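Following: one structure in structure tokens, then a few remarks.
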Number of protein chains: 2
Amino acid sequence: MSNHKTKNALRDYSHIPKVVIKRLSKYHSVLEKLDTEGIKNVSSQNLSHEVHVKASQLRKDLAYFGEFGTRGKGYDVSYLHGVIGDILGLKKEWAVVLAGLGHLGYALVSYRGLEKKGFKIAGIFESDPKKIGRNVHGMRIYSIDDIGRVVKDSDVKIGIITVPVDAAQKVCDAMVDAGIKAILNFAPVILHPRKPIFVEIVDISGELSILSHYLTFHAI
Amino acid sequence: MSNHKTKNALRDYSHIPKVVIKRLSKYHSVLEKLDTEGIKNVSSQNLSHEVHVKASQLRKDLAYFGEFGTRGKGYDVSYLHGVIGDILGLKKEWAVVLAGLGHLGYALVSYRGLEKKGFKIAGIFESDPKKIGRNVHGMRIYSIDDIGRVVKDSDVKIGIITVPVDAAQKVCDAMVDAGIKAILNFAPVILHPRKPIFVEIVDISGELSILSHYLTFHAI
DNA sequence: GAATGTGAACGTTTTCACAGCA
DNA sequence: TGCTGTGAAAACGTTCACATTC
């Protein structure tokens, strides 16, 4: 193949399948573990096995973005970890805001894994006047009315919604108005953003429905 | 409305795509909302629009399981809600066990949505001796050593893991040994069950990675 | 020799377009 | 006429198999 040098630059990274990105995130975690264990090199065979996918799929996933391995040898663990971190956007520190400091919101605020991946909570929004103005884990709790300012001040692009169902759409609207570009929604309701932003859903009941369907029709 | 004959009985419900089940779960939620609003009838057009999918996709999804609508009219809201509930296995009350009563575990224990979908927490497992033997929301907290008995007594098929990363594999093994057939895993690690059971993953860092990849390569 | 990278084959899911029915 | 149900086509994602490279 010619054009080896400019190849990566010519690629279009914008409509990679979401499943690929999900798997990339798993490779990233496993590579991180291998790296801390001092393992220097890994084959597509070994790495893919850890993630329960086929070796050819791992190689195809990486092929969307370029060539990162050495034939006959495998992948440099630390290098590939870095490359995937870049692809996932984890080299930047992302400021996020979180709305709803119930049990779930508190769980996420306390979850150290977010910081490890470069997500920093720039503000927490609550409707309960008793909580507003206080601090939790060193983070300030605001009224939703202040979201525009906080988003602007900290250049926030991502919002996390952990409010009750009935408040979710209202909060979504406030986030979109404030300039949020992507939302992670934990409320069990389908959001209809006024502008076409990116919404990821974490639906616990949905996941449990899959399990119960599986148990009903497969093997009990 | 009852011309469905033996067609349904002939179908094989066992390897329906997981995406279809996920969407079914969303249709189910929306139908529930419409039902409580007193809406009697809905077209594939209207229902699919609520869930952000194409009308043809909704119809194809339902076609896996049978014919439930009336040509020229649409779907009976209450009837279709019931049908999908059956398909998802929500007519049965599923006993589940939850391991790990940290913030996230506590959030799920307090989450009334589980009961609404027919999931009842039969036992909570903790490693902290100070919590063992106590009650939370009327539910008993056990040592993981008791999981075999609890699973047997309550005929539990589903386990939820909300323990820290380092303990997750050990808990997974204990659940599989106890006879659990399906696991919902919130720990940020890939589980390797000793037997080939069904594992669903809720990976918050993974979902956030998708958002950050999107923001990096699409529109910031 | 060993393991990557990739075109081609394959399988699955989505969408189209319209026949069939109330 | 209006809307479902469904074959056929298109789009998409996965796996195979092997040429390529170290």
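All heavy atoms count here, side chains included; hydrogens, waters and symmetry mates do not. Because the structure is predicted, anything quoted here is derived from the model rather than measured. Per chain, numbering begins at 1; letters A, B, ... match sequence-line order.
Between B:E67 atom CD and D:dC3 atom C1' there is a gap of 13 Å when expressed in whole angstrom units. One atom, CZ of A:F68, and another, C1' of D:dC22, lie 18 Å apart when rounded to the nearest Å. Here the C1' atom of nucleotide D:dC12 and the NZ atom of A:K18 are 15 Å apart, to the nearest Å. Protein atom CZ of B:R71 is 5 Å distant from nucleotide atom C1' of D:dT4, rounded to whole Å. Atoms CG (A:D61) and P (C:dG5) sit 12 Å apart, rounded to a whole Å. With rounding to whole Å, A:L62 atom CG is found 10 Å from C:dT4 atom C1'. Taking atom OH of B:Y64 as the reference point, atom P of D:dG5 lies 15 Å away to the nearest angstrom.
Against DNA chain C, the stretch residues 23-60 of chain A makes heavy-atom approaches under 4.0 Å through A:S43, A:S44, A:R59, A:K60.
A:Y13 has its ring centre less than 6.0 Å from the ring centre of A:F65. Aromatic ring centres of A:H28 and A:H81 lie closer together than 6.0 Å. Ring to ring, B:H52 and A:H192 are close: their centroids are under 6.0 angstrom apart.
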Which pairs of donor and acceptor atoms, one on a side chain in residues 160-167 of chain A, lie under 3.5 Å apart (sequence neighbours left out)?
residue : atom : partner : partner atom : Å
A:T162  : OG1  : A:A99   : O            : 3.0
A:T162  : OG1  : A:G100  : O            : 2.6

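Residue whose closest nucleotide on DNA chain D sits further toward the 5' end, between A:V19 and A:K73: A:V19.
Contact check, B:Y75 against D:dG5: a side-chain N or O comes under 4.0 Å of OP1 or OP2.
Here the options are B:L24, B:I16, B:V20, the test is side-chain contact (heavy atoms from CB on, under 4.5 Å), and the partner is B:I87; only B:L24 passes.
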- request: Please lay out, stage by stage, how A:K33 and A:E50 fare under the test side-chain contact (heavy atoms from CB on, under 4.5 Å).
  value: CA-CA 11 Å; A:K33 203 190 79 189; A:E50 281 297 301; 3.8 Å; yes
